[in-house]
Amino acid sequence: MENLDIKRPENIVYRKPALLTDNIMHYCPGCSHGTVHKLIAEVIEEMGIQDQTVGISPVGCSVFAYNYIDIDWQEAAHGRAPALATATKRLCPEKYVFTYQGDGDLASIGTAEIIHACSRGENIVVIFINNGIYGMTGGQMAPTTLLGMKTSTTPYGRDPKLNGFPLKITEMLAALDGTAYITRQSVHTAAAARKAKNAIRKGFEYSAKNIGLSFIEIVSTCNSGWKLSPVEANKWMEEHMFAKYPVGDIKDVLK
Amino acid sequence: MAEKILMKGNEAIAFSAIRNGVDGYFGYPITPQSEVMETLMKEKPWETTGMVVLQAESELSSINMVYGGASCGKKVMTSSSSPGISLMCEGISYIAGAELPCVIVDVMRGGPGLGTIQPSQSDYFQTVKGGGHGDYHSIVIAPASAQDMYDFVDWGFELAFKYRTPVIVLADGIIGQLMEKVELHPMKPRRTAEEILRDAPWATTGKTPGRDRNVITSLSLDANTQEEFNRKLLAKYKAIEANEVKYAEYLTDDAEYVFVAFGCSSRICEAAVDILREEGIKAGLIRPITLYPFPEKEISRLAGQAKSMMSIELSLGQMVEDVRLAANGQCPVGFYGRQGGNIYTPEEIVEEFKKFNKLS
């Protein structure tokens, strides 16, 4: 059947962003990373800044982010991405610089680096993936793990007496003078992903205005770590994660 | 005539960075090297050469700022002292693993732990043998004067970029704090963006059409890939060992007794050699200027002609292990050291030398 003539630009309603490579993603089916990667690739492509963007990947599941988005990348040590980004942006102020970090990387081992990058008002973008668990090392407790949530290091559920409380680091960072835009989003529905993309784009645009750090938290699922199906994980996130980590803008200095 | 200015070794580091086209300095205050960042902040090079100077929140952060800056192909450096270098060791391992050029100045103080703030040479093992995890070497160069502090910044970057490897300038509290005349060489401009693209085509300068994306990483999960990379590093280290050994000798031609000492200790040993020569004892000195690569062949040659050798260090004896390996049993190798920030006098070294050699 010769119907290929319908493949005309005016008929295309969706395509993979050109900046997303053809490498097969190592992420589990249902994981939010793939969606967030796609949104970042779309934003960079639409802004036409591929040759001006440097990404810093973390340690954790998204350590290999550099395999999937076709830009220059630096792969940081665990938690240190904001330090690399700081130097990159200060030495190359014409560049767009972003870090991509998980909750263990950013909110546990890298607390000093993120707090001080925010406090100094570095003109970078931080994408913070919060799924309340360590994915890559096999499902251990993260600083953002909810109370009662079972992980491999809280097998009976997170107990505040034993394990402390979930860390709402995004609200903490909003209190710092150096931050320009702080928001919390998710990507579990098409509508949510569209909003998240707008937030990411705003972060990149703000970073070029030299008004301080933009921080986009994406409340995410880790269905493998949570031991739920992708659909169940989305539902669980809406019911439990959103209660502790409500979605929406927290700070916008230009509003 | 070249300009000569009286300054501290630490200040010489700062002026050298500005005058040799360094792009960025990232540091954290620690005694006895805080004058490096203080001088840079006072000089405000961002208004003249465009050099970035930033006080980080910790040494962990400053070395990772160096990692990020070096990833961009920039000439970036940091300085610290022993406990701070311990914190940086993770980053240095990553920088070695990602094959990035940078200069790290270590103005050593006594340890372990918080130790003292006085001079020491007890981080020879840490810097020369590794420090961070994994199979790697940093090139380690040991200044013995304020002039060396000035000169070694530029030399350090030359080596760092030639081999894409971290270079440690291993000084100590004496060299950092002493004031001496320093000859300032002509200014070198910072490299232009075009020069960086030419000299560092691997750097994260922004992916342009026609080239693959540049990824700076030290990660390879596949055992064979990692082993291949380790062997690539080995080849690099063999080249460094073959090409970059640097040392200085003092009255070794006819020496029957040879001191081995680096940094401030080499200057004290020079005076000890003079005392012994006046007494008619044929003493000499070899000063390793590069600690890695170590002047193994030269020490072996001297061990072949000498009745004995002595390693003199402000530590419990660290470099002496490499001296013994190089001497390889050709002559006895002794050691004398002081610790805790105490410094030997030439007379004290002469006395210990005579004890070891059973003279008088």
Side-chain angles (χ1 to χ4, degrees), chain A residues 18-19 21 23 26 41 44 49-60 63-97 99 109-120 122 124 136, chain B residues 22-26 28 46 50-76 78 90-95 97-98 100 102 132-133 190 193 196 202-221:
Chain A
L19 292 193
T21 67
N23 292 327
H26 70 289
I44 295 171
I49 55 169
Q50 179 191 24
D51 59 345
Q52 301 160 55
T53 305
V54 178
I56 323 282
S57 69
V59 171
V63 65
F64 286 122
Y66 56 72
N67 282 337
Y68 308 128
I69 304 178
D70 195 21
I71 54 168
D72 282 356
W73 284 93
Q74 303 168 10
E75 200 288 298
H78 202 18
R80 319 285 177 233
L84 278 73
T86 294
T88 298
K89 181 67 181 178
R90 289 199 178 222
L91 288 160
C92 314
E94 74 288 359
K95 293 276 187 299
Y96 291 85
V97 181
T99 71
I109 197 167
T111 43
E113 283 77 9
I114 189 61
I115 286 172
H116 287 279
C118 287
S119 183
R120 287 189 303 262
E122 302 295 344
I124 59 171
M136 183 178 245
Chain B
V22 171
D23 296 303
Y25 170 94
F26 305 92
Y28 185 79
W46 51 91
M51 178 184 177
V52 168
V53 185
L54 183 61
Q55 179 169 341
E57 68 272 21
S58 70
E59 289 92 347
L60 282 180
S61 191
S62 56
I63 192 67
N64 281 286
M65 289 173 179
V66 167
Y67 182 17
S71 299
C72 301
K74 301 280 186 177
K75 280 170 80 171
V76 286
T78 184
E90 175 200 50
I92 297 172
S93 169
Y94 275 72
I95 289 167
L100 295 173
C102 71
H133 58 282
R190 288 174 55 232
I196 290 173
W202 43 265
T204 55
T205 47
K207 188 204 171 303
T208 44
R211 76 152 165 87
D212 289 340
R213 64 184 177 282
N214 283 342
V215 176
I216 303 295
T217 180
S218 60
L219 174 67
S220 56
L221 289 184

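Every chain is numbered from 1, with letters handed out A, B, ... down the list of sequences. Keep in mind that what you see is a predicted model, and the values were worked out from it rather than measured.
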Practice item. Check whether A/Ser119 gets within reach of chain B through its side chain, its backbone, both or neither, counting any heavy atom under 4.5 Å. Key: neither
Practice item. Quick one: which of B/Arg213, B/Met65, B/Met51 has the most heavy-atom pairs under 4.5 Å with chain A, could you say? Key: B/Arg213
Review point. Measuring heavy-atom distances to chain B, does A/Ile49 have an atom under 4.5 Å in its side chain, in its backbone, in both, or in neither?
Key: neither
Check your understanding: Closest approach of B/Leu219 and A/Glu75, non-hydrogen atoms and distance?
Key -> CB-OE1, 4.5 Å
Review point. Hey, is the main chain of B/Asn214 close enough, under 3.5 Å, to the side chain of A/Asp72 for a donor-acceptor pair?
Key: yes
Study note, to complete from the structure: Interface check, chain A: of B/Leu221, B/Leu60, B/Asp212, most non-hydrogen pairs under 4.5 Å belong to B/Leu60
Point to revise | Smallest separation among heavy atoms of A/Lys95 and B/Gly206, with atom names | key: CE-N, 3.9 Å
Revision key, fill the gap. So, the part of B/Ala70 with a heavy atom under 4.5 Å from chain A: the answer is neither
Exercise for review: Could you pull out the closest heavy-atom pair between B/Asp23 and A/Leu91, with the gap in Å?
Suggested key: O-CD2, 3.3 Å
Study note, to complete from the structure: Output for pair (B/Leu100 CG, A/Gln74 CD), nearest 0.5 Å, gives 8.5 Å
Study note, to complete from the structure: Okay, A/Phe64 and chain B: the region with an atom under 4.5 Å from a heavy atom over there is side chain
Point to revise | Student check: side-chain heavy atoms of A/Cys92 and B/Lys74 closer than 4.5 Å | key: yes
Check your understanding: Hey, are the side chains of A/Trp73 and B/Thr217 touching, using non-hydrogen atoms and a 4.5 Å cut-off?
Key -> no
Review point. How many angstroms lie between OG1 in A/Thr86 and CD in B/Glu57, if you round to the nearest 0.5 Å?
Key: 7.5 Å
Review point. Can you find a pair of side-chain heavy atoms, one from A/Arg80 and one from B/Glu90, that are under 4.5 Å apart?
Key: yes
Check your understanding: Which atom names give the shortest non-hydrogen contact between A/Val54 and B/Thr204, and what distance separates them?
Key -> CG2-O, 3.7 Å
Review point. Taking side chain as C-beta onward, heavy atoms only, is A/Gln50 less than 4.5 Å from B/Pro209?
Key: no
Check your understanding: When you measure from the side chain of B/Tyr67 to the backbone N and O of A/Ala81, does any donor-acceptor pair fall under 3.5 Å?
Key -> no
Point to revise | Proximity breakdown for B/Arg190 and chain A, heavy-atom pairs closer than 4.5 Å | key: neither
Review point. How many angstroms lie between CD in A/Glu113 and CG in B/Asn64, if you round to the nearest 0.5 Å?
Key: 6.5 Å
